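Since we're looking at a predicted model, the values are computed, not measured.
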Amino acid sequence: MRSLEVKNRTSVDDIRSLRLITAIKTPYLPDGRFDLEAYDYLVRMQIVSGAKGVIVGGTTGEGHLMSWDEHIMLIGHTVNCFGSSIKVIGNTGSNSTREAIHASEQGFAVGMHAALHINPYYGKTSMPGMLSHFETVLSMGPTIIYNVPSRTGQDIPPAVIHAVSQNPNMAGVKECAGNDRIKGYADEGIVTWSGNDDECHDARWMYGATGVISVASNLVPSLMHSLMFDSENSSLNSNIMPLIKWLFHEPNPIALNTALAQLGVVRPVFRLPYVPLPLAKRMEFVRIVQDIGRENFIGEKDVQVLEDDDFVLVDRY
């Protein structure tokens, strides 16, 4: 029998109000297990810098490289250690509705405040199938729907979002299809977060987005907080754009993993199939940090250029 009890339920409105949500990185020990000490440091830096939520086990956190046991453990750990200080949004999405239901039940049982759900990928479905998938997972609890066609191979069209927008558990959309799409939703009262760091400033101040679900805030949380909270600031946005472009030169989270290792806040360990950026890009990161100012990045060590042999690539984890 499936339990419908939800532990530590938060209100959908609490999720809708979150302006800066960080898609948090998952660091590793040399044997490929989670480095929870480094992870806790990363989350604490988000809290002290003003982030209001974290996505646990998303694309950036490499949830797709985790077993479900690892995934739910990390969600529960985050809730138990930080759930009173920041909203914990667990990525419990799947291309299998059965898995998405089971993971969401477990995630809410260990106390996550909301779920992040993607549309079924690879084994793509029809529009009615997509709608049925979302209606099913929305019954679990507060939910953000994530549209990233470049990864799933299938856009979530506005018709689907409109159909589920009245569901009481529908918190909003993490939208990567551009600011015009965001404006269309905002004009209709549907909460949206930009899923693109390079577009989030304009999304927030010109197109009606509530805020951003950010990768860059792993590195410069205070600057991303200023970008979302203070006021329109095209100068700041321009200043951090070289970092954002560098972060997405290769598919996320390759550059982020490389950067955090060079800042000395995580071990230089990669779970395959991810590998570090080449030496030239690692050297470029050092210059970017110097230009923006080391004080704006997390960590206390000097940024360094790591050599190829410094990195550990783990193939069994």
Side-chain angles (χ1 to χ4, degrees), residues 1-10 12 15 21 23-26 32-34 53-79 87-156 160-161 163-164 167 169-174 176 195 213 251-253 271-274 316-317:
M1 181 180 295
R2 185 158 56 89
S3 172
L4 298 180
E5 182 179 356
V6 176
K7 176 185 177 184
N8 198 29
R9 183 185 287 275
T10 192
V12 174
I15 303 302
I21 303 172
I24 198 74
K25 150 73 176 167
T26 307
R33 292 179 297 126
F34 295 160
V54 287
I55 304 288
V56 179
T59 306
T60 304
E62 300 177 19
H64 47 289
L65 303 186
M66 298 178 189
S67 69
W68 279 118
D69 285 344
E70 287 181 312
H71 212 129
I72 300 304
M73 179 279 287
L74 191 60
I75 292 171
H77 171 82
T78 310
V79 170
K87 296 301 182 187
V88 179
I89 303 157
N91 170 33
T92 53
S94 173
N95 60 351
S96 161
T97 305
R98 176 182 60 85
E99 286 194 8
I101 291 170
H102 184 59
S104 298
E105 284 182 326
Q106 291 185 316
F108 282 117
V110 299
M112 70 182 185
H113 301 104
L116 180 75
H117 279 284
I118 203 164
N119 50 308
Y121 48 88
Y122 182 70
K124 297 185 292 186
T125 186
S126 62
M127 291 302 107
M130 187 188 298
L131 181 57
S132 294
H133 175 83
F134 284 133
E135 287 176 337
T136 299
V137 297
L138 277 162
S139 69
M140 302 291 105
T143 297
I144 297 172
I145 291 178
Y146 179 19
N147 186 35
V148 55
S150 65
R151 290 186 181 269
T152 65
Q154 186 178 40
D155 182 41
I156 304 173
V160 171
I161 299 300
V164 300
N167 188 296
N169 284 329
M170 172 67 170
V173 186
K174 177 185 177 183
C176 296
I213 297 179
N252 180 50
R271 281 185 173 185
L272 288 172
Y274 295 123
R316 293 177 183 267
Y317 42 83

For the OG1 atom of Thr152 and the CE atom of Met130, what is their distance to the nearest 0.5 Å? 7.5 Å
Under a 3.5 Å distance rule, please check whether Arg271 uses its side chain to pair with a backbone N or O of Tyr317 as donor and acceptor. no
Using atom types as modelled and distance alone, determine if a side-chain donor or acceptor of Thr26 lies under 3.5 Å from a backbone N or O of Gly61. yes
For the side chain of His113 and the backbone of Val88, is there at least one donor-acceptor N/O pair under 3.5 Å apart? yes
Nearest heavy-atom contact between Pro253 and Thr60 is CB-O, 3.7 Å
Is there a donor-acceptor pair under 3.5 Å between the side chain of Asn119 and the backbone N or O of Gln154? yes
Which atoms form the tightest heavy-atom contact between Ile161 and Met170, and what is the distance? CG2-CE, 4.2 Å
Is there a side-chain contact between Met66 and Leu74, using heavy atoms and a 4.5 Å cut-off? yes
His117 to Phe134 - nearest heavy-atom pair and separation: O-CE2, 4.0 Å
Between Tyr146 and Ile156, which heavy-atom pair has the shortest distance, and what is it? O-CD1, 3.5 Å
Roughly how far, to the nearest 0.5 Å, is CG of Leu131 from OG1 of Thr125? 10.5 Å
Donor-acceptor side-chain pairing of Thr143 and Asn169 below 3.5 angstrom: no
Report yes if some heavy atom in the side chain of Ile101 is under 4.5 Å from a heavy atom in the side chain of Ser139; otherwise report no. no
Residue pair Met140 / Thr92, side-chain heavy-atom distance below 4.5 Å: no
Taking all atoms of both residues into account, what is the closest heavy-atom pair of Ile15 and Ala171, and its distance? CG2-CB, 3.8 Å
Does the side chain of Phe34 come within less than 4.5 Å of His77's, by heavy atoms? no
Grab the two heavy atoms, one from Val164 and one from Glu135, that are nearest each other, plus how far apart they are. CG1-CG, 4.2 Å
Any chance you could measure Ile213, atom CD1, to Ile21, atom CD1, to the nearest 0.5 Å? 4.5 Å
Do Arg151 and Cys176 have side chains that get closer than 4.5 Å, going by heavy atoms? no
Roughly how far apart are Ser67 OG and Met73 CE, rounded to 0.5 Å? 8.5 Å
Value rounded to 0.5 Å, distance of CD1 in Ile75 from CD in Glu70: 12.0 Å
Determine yes or no for a side-chain-to-main-chain donor-acceptor pair under 3.5 angstrom, with His71 supplying the side chain and Gly90 the backbone. no
How many angstroms lie between atom CD1 of Ile145 and atom NZ of Lys174, to the nearest 0.5 angstrom? 13.5 Å
Apply side-chain contact (heavy atoms from CB on, under 4.5 Å) to residues Thr10 and Lys87 and explain how you reach the verdict. CA-CA 9 Å; Thr10 192; Lys87 296 301 182 187; 3.3 Å; yes
